[in-house]
Amino acid sequence: MTVHRVYNFSSGPAMLPLPVLEEAQRDLIALPGVGMSVLEISHRSTVFESILAQTEADVRAVGRVPPNYRVLFLQGGASMQFSMVPMNLLGAGATADYIDCGSWAEKAIKEAKKVGTVNVAASTKSENYTRLPRQAELKLTEGAAYVHMTSNNTIEGTGYTTLPEVGAAPLVADTSSDMFSRPIDVSRFGLVYAGAQKNLGPSGITLVLVREDLLERSAAKKSTLPTMMNYAVMAENKSLYNTPPTFTIYVVGLVMKWILAQGGLDAVAAANERKAAKLYAELDRSVFYRGTAEKASRSLMNVTFRLPSEELEKAFIKAATAAGLDGLKGHRSVGGMRASIYNAFPEAGVDALVSFMRQFEAKQG
Ligand code: PMP
């Protein structure tokens, strides 16, 4: 049976690689050699333990994760990390620095302020987050507990290509929308977190990579922090303190194998750069389409743009959807258009969008 699949530009949950869906479909009835669906196995079974161990090993291989980092699979989305990061890492009397570079960063700041003292090291909110703060604008705190950044701003379509220099403080990054879209030097971070539903798998899991020495801060809070919110407890229990989303972890494992089969993050990055370059070239070619992010801050994952009027934008989205180009509507808070082109989004879909844009402009422009 041939199933019709559209080009899905959703910002997340987003497209998964077709071979991953096919394998999951097969294992949905019975895992080979197990005779049970992947949805039916106990999280305490040896089958699941080996799925979890292999997924962790493949995450380590894909991200070249150094041995002194723990790999955690947690629940509650990246939004839960907005709370867990300060609850675990921000002690009384200390200050955490936050780079306010997008709507998700703003949410992270809001939660951190409930926990402790926050210094907003720089903000581009007054410019609608159309660019990233520059290094010279950062006002960092001496001896900060950590510095929090968002590596890719999913809503505004901006992303870091070089990491900010933050001195001795551990760098903590929300990498939800660009994790494993290109090589990552994990050793530059104290902690990295990412909701899975863009580049890593389905929703339901947040991948956390945490440097072991930072777990000491969590271990010291075992009697006060809710158990489910404690990184040290999750690390000691190898993400099996309670029942994890077993199916999501299994699919993340398949996605890791897919990334490795592509040639790893260098190969994935090359494809992502090609895809983004094609779309940005189209935005720069025409005055009809206007990219909303400052050129130097452009994201390779979420390409945001506007048309001359909101009326035209509505017509564009309607016609694009009819042409099999789905999910192009920008986030409700900013409007306009957003093409999310994560790892699994095919280059042919970008070509299809570019040719649709030309046709639409010729008709309307
Ligand atoms: N941070 C970023 C950068 C995101 O893009 C998102 C979701 N789109 C979130 C945090 C929130 O993630 P979740 O819905 O998994 O809590």
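Atom set for the values below is all heavy atoms of this structure, side chains included, hydrogens, waters and symmetry mates excluded. Indexing begins at 1, ligand by ligand and atom by atom, following the structure's order. All residue numbers refer to positions in the sequence shown, counting from 1.
Close approach of ligand 1 to Ala78 (heavy-atom distance below 4.0 Å) involves ligand atoms 9 (C), 10 (C), 11 (C), 12 (O), 13 (P), 15 (O), 16 (O). Atoms of ligand 1 found under 4.0 Å from any heavy atom of Asn152, numbered from 1 in the order shown, are 3 (C). Every atom of ligand 1 is numbered from 1 in the order shown, and the set under 4.0 Å from a heavy atom of Lys198 is 5 (O), 7 (C), 8 (N). Under a 4.0 Å criterion applied to the non-hydrogen atoms of Thr154, ligand 1 contributes the atoms 2 (C), 3 (C), 4 (C), 5 (O). The distance from ligand 1 to the heavy atoms of Gly77 drops below 4.0 Å at these ligand atoms: 15 (O), 16 (O).
Heavy atoms of Gln197 come nearer than 4.0 angstrom to ligand 1 in at least one pair.
Under 3.5 Å, the side chains of Thr321 and Asp326 contain no donor-acceptor pair of N or O atoms. Residues Tyr129 and Asp100 bring a donor and an acceptor atom of their side chains to less than 3.5 Å of each other. Thr141 and Asn119 share a donor-acceptor pair across their side chains, judged by distance under 3.5 Å alone.
For atom 16 (O) of ligand 1, the nearest protein heavy atom (residue, atom name, distance) is Ser79 OG, 2.6 Å. Closest to atom 6 (C) of ligand 1, if we only count protein heavy atoms, is Trp104 CE2, 3.4 Å. Shortest contact from atom 1 (N) of ligand 1 to any protein heavy atom: Asp174 OD2, 2.6 Å.
The part of Ser176 lying near ligand 1 is the side chain, judged by heavy-atom distances below 4.0 Å. With a 4.0 Å heavy-atom cut-off, ligand 1 is reached by the side chain of Phe82 but not by its N, CA, C or O.
With ring centers used as reference points, Phe345 lies 6.0 Å or more from Tyr342. Between Tyr193 and Tyr231, the gap from one ring centroid to the other reaches at least 6.0 Å.
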Q.
As a quick check of understanding, evaluate ring pair (Phe, Tyr, Trp, His ring centres under 6.0 Å) for Phe316 and Phe356, giving each step before the final call.
A. CA-CA 9 Å; Phe316 180 93; Phe356 174 83; 5.2 Å; yes
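Distance alone, capped at 3.5 Å, places no donor-acceptor pair between the Ser286 side chain and the Leu283 backbone.
Expressed to the nearest 0.5 Å, how far CD of Glu156 lies from CD of Glu294 amounts to 13.5 Å.
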